Amino acid sequence: MEKVAVIGGGAAGLACAGMLARKGCSVTVLERGGRVGRKLAATGNGQGNVTNTDMDASHYFSDDLRKVQRLLSRFGNRETVRFLESMGGIFLPDNRGRVYPAGRQASAIVDLFRFELERLNVPVRLDARVHELAYDRGFRLQWEGGHLCSDAVVLAAGGSAAPKFGTDGTAYALVKDFGHIPTQTEPSLVRLKCDKEITKRLRGIRTDSALKVVRKGAAVYETRGDTLFTDSGISGDAVFRASAHVKEGDRIVLDFLPDVACERVEKTVSEKGLFCVVNNGLARVIESVAGGDKRRIAELLKAFPLTVAGKEGFQEAQVTKGGIRLSETDENLMSKFRDGLYFAGEILNVDGECGGYNLQWAFTSAYAVAEGICS
């Protein structure tokens, strides 16, 4: 029986442990914190957006998108839903294709995994922060107060985003001696810093806006959704989606009335003003920026520009862009430098857009690893 150590008790680690145990492997999960699934319990604003019905590699960023597509074709959104429902629950899409548990509670997904691992007699060792991973006719893992030997290791310890959940980027060092050096990493799915003097005047105002990312005069990404103004920039689901595509110096262009034609906006502003057109606080700022010019006011309602000064840091990010290169792994995500060493989840150089894509990658990569170890 193959002995496997899974480092990390997040979505990828829990899923991989369950899949391996179902295939008859002897699995141990090592979680650095006091409980598993902390980040998973917060996903989708606590509602648990696990995947998306619109699933392909075009929603991802990686050094090897062809491999991402091949892996998604093996284990995509339908397989994810079947896997989760095999443990219990009902998972349903919303009108934008985002799939949630019917109870809209992410913490309940963690419970599914906990009960499944208990059923499969998979030991979970908490407060086991692995600080050394070595190989000598087998893998040896050490943490304060314990050690473990295994035939295979799955590194599913996450990236650098949201360190409050225990993912602070230190796990990359565990595989440095095997030859794996991560790409440069940066936060993604995160608030954007821009035009602080303007946005702080709009603090707390939320709009349903069309958002366009413009670089060197050309649109590089477009989306629509909530945009929330903060002291230092903008937030909201449209902003999180856009943040995966944004670079410092880009321009964000907001259309506050995406369902209204320019001509109608111009006519209403010219004849009636801004009452019941946009939020009164937003109206006051737009009027101020436009200097009272009604034509300019109408233009700003349909194309309000903000310059990106940067992104908020890893503390606020939902996911890490960058990591262990996918090209340094085989089709089952085993290291090309050390047989038996596998990677799953966010620690790899794969990140997705907002909308369930990063959890889908966690489950897809977990499946590939389980197939590789048990083949």
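From a predicted model like this one, the values you see are computed outputs, not experimental measurements.
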Participant: Return the orientation label for the Phe83 and Phe75 ring planes: parallel under 30°, perpendicular over 60°, tilted otherwise.
Facilitator: perpendicular
Participant: Supply the atom-to-atom distance Asp168 CG to Arg32 CZ, rounded to the nearest 0.5 angstrom.
Facilitator: 4.0 Å
Participant: Between Thr268 and Val265 (side chain of the first, backbone of the second, donor and acceptor by atom type, cut-off under 3.5 Å), is there such a pair?
Facilitator: no
Participant: Would you call Thr364 and Met55 a side-chain contact if the rule is heavy atoms closer than 4.5 Å?
Facilitator: no
Participant: Using a strict 4.0 Å threshold on nitrogen-to-oxygen distance, state whether Arg224 and Asp208 make a salt bridge.
Facilitator: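 So Arg224 pairs with Asp208 through a salt bridge.
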Participant: Around Arg78, counting heavy atoms of other residues, nucleotides and ligands shown, do more than 12 lie under 6.0 Å from its CZ?
Facilitator: no
Participant: Please determine whether a side-chain nitrogen of the Lys or Arg among Arg38 and Glu31 lies less than 4.0 Å from a carboxylate oxygen of the Asp or Glu.
Facilitator: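 Salt bridge present between Arg38 and Glu31.
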Participant: For Ala108, enumerate each residue passing the side-chain contact (heavy atoms from CB on, under 4.5 Å) test, keeping only those at least two apart in sequence or located in another chain.
Facilitator: Gln105
Participant: Please walk me through it: do Phe139 and Leu148 pass side-chain contact (heavy atoms from CB on, under 4.5 Å)?
Facilitator: CA-CA 8 Å; Phe139 292 95; Leu148 183 70; over 6 Å; no
Participant: With distance as the sole criterion, is a donor-acceptor pair present between the side chains of Ser243 and Glu312 under 3.5 Å?
Facilitator: no
Participant: In plain terms, say whether Glu299 and Arg296 are close enough for a salt bridge, that is, a side-chain N and a carboxylate O under 4.0 Å apart.
Facilitator: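 Here Glu299 pairs with Arg296 in a salt bridge, since their nearest N and O are under 4.0 Å apart.
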Participant: Which heavy-atom pair separates Gly372 from Ser375 by the least distance, and what is that distance?
Facilitator: O-OG, 3.1 Å
Participant: If I compare all heavy atoms of Met19 with all of Ala370, which pair ends up nearest, and what's the gap?
Facilitator: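 Scanning both residues, the minimum pair turns out to be CB-CB, 3.8 Å.
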Participant: Grouping I, L, V, M, F, W and Y whenever their side-chain heavy atoms are under 4.5 Å apart, do Phe165 and Val29 come out in a common cluster?
Facilitator: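 No; tracing contacts between hydrophobic side chains, which count when under 4.5 Å, never links both residues.
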Participant: Is it true that, when you exclude Lys336 itself, more than 12 heavy atoms of the residues, nucleotides or ligands shown sit nearer than 6.0 Å to its NZ?
Facilitator: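 More than 12 within 6.0 Å, yes.
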Participant: If I take atom OG1 from residue Thr80 and atom CD from residue Glu85, how far apart are they, to the nearest 0.5 angstrom?
Facilitator: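 Here the interatomic distance stands at 11.0 Å.
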Participant: Please tell me if the side chains of Tyr342 and Val4 come closer than 4.5 Å, counting only heavy atoms from C-beta onward.
Facilitator: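 Counting from C-beta outward, Tyr342 and Val4 never come under 4.5 Å.
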Participant: For the ring pair His180 and Tyr172, is the centre-to-centre distance below 6.0 Å?
Facilitator: no
Participant: Nearest 0.5 Å please: distance from the OG1 atom of Thr223 over to the CD atom of Glu353.
Facilitator: 8.0 Å
Participant: Counting N and O atoms only, with roles assigned by atom type, does the side chain of Ser365 sit under 3.5 Å from a partner on the main chain of Gly345, one being a donor and the other an acceptor?
Facilitator: yes
Participant: Keeping the roles fixed (side chain from Lys39, backbone from Gln318), state whether a donor-acceptor pair exists under 3.5 Å.
Facilitator: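 Confirmed, Lys39 side chain pairs with Gln318 backbone.
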Participant: Taking side chain as C-beta onward, heavy atoms only, is Phe363 less than 4.5 Å from Thr51?
Facilitator: no
Participant: Using modelled atom types only, decide if a donor and an acceptor are shared between the side chain of Asp226 and the backbone of Asp237 within a distance under 3.5 Å.
Facilitator: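 No, Asp226 side chain to Asp237 backbone: no donor-acceptor pair under 3.5 Å.
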Participant: Take a 6.0 Å sphere around CD of Glu271 and say whether it holds more than 12 heavy atoms from other residues, nucleotides or ligands.
Facilitator: yes
Participant: I'd like to know if Leu211 and Val253 are part of one continuous hydrophobic network [Ile/Leu/Val/Met/Phe/Trp/Tyr, side-chain heavy atoms within less than 4.5 Å].
Facilitator: no
Participant: Looking only at non-hydrogen atoms, find the nearest pair between Phe314 and Pro187 and report the distance.
Facilitator: CE2-N, 3.4 Å
Participant: Are Ile109 and Asp111 close enough, and set up right, to give a side-chain contact (heavy atoms from CB on, under 4.5 Å), and what steps lead you there?
Facilitator: CA-CA 5 Å; Ile109 305 172; Asp111 291 333; over 6 Å; no
Participant: Quick one: does Gln360's side chain get under 4.5 Å of Asn52's, heavy atoms only?
Facilitator: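 In short, these two side chains do not touch, never coming nearer than 4.5 Å.
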Participant: Under the salt bridge (Lys or Arg N to Asp or Glu O under 4.0 Å) test, which residues partner Asp293, sequence neighbours left out?
Facilitator: none
Participant: Residues two or more places apart in sequence or in another chain: which of them pass side-chain contact (heavy atoms from CB on, under 4.5 Å) with Asn349?
Facilitator: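 Applying side-chain contact (heavy atoms from CB on, under 4.5 Å) to Asn349 gives Asp63, Thr183.
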Participant: Hydrophobic clusters here meaning ILVMFWY residues chained together by side-chain heavy-atom distances under 4.5 Å, can you tell me if Val36 and Phe115 are in one?
Facilitator: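 Val36 and Phe115: separate clusters.
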Participant: Say whether Val213 and Val190 are linked into one hydrophobic cluster, either directly or through other cluster members, by side-chain heavy-atom distances under 4.5 angstrom.
Facilitator: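 Hydrophobic grouping puts Val213 apart from Val190.
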Participant: Indicate the atoms forming the closest heavy-atom contact of Asn280 with Phe275, along with that distance.
Facilitator: OD1-CD2, 4.1 Å
Participant: Flag the pair Glu371 and Arg74 as a salt bridge only when some basic side-chain nitrogen lies within less than 4.0 angstrom of an acidic carboxylate oxygen.
Facilitator: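 Between Arg74 and Glu371 there is no salt bridge, as every charged N stays at least 4.0 Å from the carboxylate O atoms.
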Participant: Apply the test salt bridge (charged side-chain N to carboxylate O under 4.0 Å, His left out) to residues Glu2 and Lys23: give CA-CA distance (whole Å), side-chain angles for both, the deciding distance (0.1 Å), then the verdict.
Facilitator: CA-CA 10 Å; Glu2 192 91 358; Lys23 291 176 178 293; over 6 Å; no
Participant: Please evaluate residues Leu133 and Leu341 with respect to the criterion side-chain contact (heavy atoms from CB on, under 4.5 Å), reporting the C-alpha separation (whole Å), side-chain torsions for both, the decisive distance (0.1 Å), and the verdict.
Facilitator: CA-CA 10 Å; Leu133 175 61; Leu341 173 61; 4.2 Å; yes
Participant: Classify the angle between the aromatic ring planes of Tyr357 and His59 as parallel (below 30°), tilted (30 to 60°) or perpendicular (above 60°).
Facilitator: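 Parallel, since the angle between the ring planes stays under 30°.
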Participant: Leu301 and side-chain contact (heavy atoms from CB on, under 4.5 Å): which single residue from Leu274, Asp255, Leu254, Val260 fits?
Facilitator: Leu274
Participant: Is the shortest side-chain N to carboxylate O distance from Arg338 to Asp177 below 4.0 Å?
Facilitator: no
Participant: Could you pull out the closest heavy-atom pair between Cys25 and Ile373, with the gap in Å?
Facilitator: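 Distance-wise, the nearest heavy atoms are SG-CG2, 4.2 Å.
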Participant: Rounded to the nearest 0.5 Å, what separates atom CG in Leu326 from atom OG in Ser62?
Facilitator: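 One gets 4.5 Å once the value is rounded to the nearest 0.5 Å.
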Participant: Taking atom CZ of Arg295 as the centre, does the number of heavy atoms from other residues, nucleotides or ligands within less than 6.0 Å exceed 12?
Facilitator: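 Count not over threshold, so no.
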Participant: A side-chain contact here means heavy atoms from C-beta on lying under 4.5 Å apart; do Glu79 and Tyr367 qualify?
Facilitator: no
Participant: Please evaluate residues Asn77 and Val99 with respect to the criterion side-chain contact (heavy atoms from CB on, under 4.5 Å), reporting the C-alpha separation (whole Å), side-chain torsions for both, the decisive distance (0.1 Å), and the verdict.
Facilitator: CA-CA 9 Å; Asn77 57 302; Val99 180; 5.9 Å; no
Participant: Is the count of non-hydrogen atoms from other residues, nucleotides or ligands lying under 6.0 Å from Lys67 atom NZ greater than 12?
Facilitator: yes
Participant: Is it true that the side chains of Ser270 and Glu266 contain a donor and an acceptor less than 3.5 Å apart?
Facilitator: no
Participant: Using a 3.5 Å distance criterion without hydrogens, assess whether the side chain of Ser232 forms a donor-acceptor pair with backbone atoms of Lys193.
Facilitator: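 Looks like no, no N/O pair under 3.5 Å.
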Participant: Decide yes or no for Ile324 and Pro182: does some side-chain heavy atom of the first lie under 4.5 Å from some side-chain heavy atom of the second?
Facilitator: yes
Participant: Give a yes or no on whether Leu92 atom CG has more than 12 heavy-atom contacts from other residues, nucleotides or ligands under 6.0 Å away.
Facilitator: yes
Participant: Should Phe229 and Asn279 count as side-chain neighbours, where that means a heavy-atom distance under 4.5 Å?
Facilitator: no
Participant: Looking at side-chain heavy atoms only, is the closest gap between Phe91 and Arg82 below 4.5 Å?
Facilitator: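 Side-chain contact under 4.5 Å: no.
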Participant: At what distance, to the nearest 0.5 angstrom, does SG of Cys354 lie from CG of Asn49?
Facilitator: 7.0 Å
Participant: Show the nearest heavy-atom pair for residues Thr227 and Ala238, with the distance to one decimal.
Facilitator: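 Answer, listing the atom of Thr227 first, then Ala238: OG1-CB, 4.1 Å.
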Participant: Please check if Leu359 and Val319 belong to a single hydrophobic cluster, counting links between Ile, Leu, Val, Met, Phe, Trp and Tyr side chain heavy atoms closer than 4.5 Å.
Facilitator: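 In one cluster: no.
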Participant: So does Lys3 get a backbone contact from the side chain of Asp151, meaning a donor-acceptor N/O pair under 3.5 Å?
Facilitator: yes
Participant: Measuring from Thr320:OG1 to Glu186:CD, what's the distance to the nearest 0.5 Å?
Facilitator: 10.0 Å
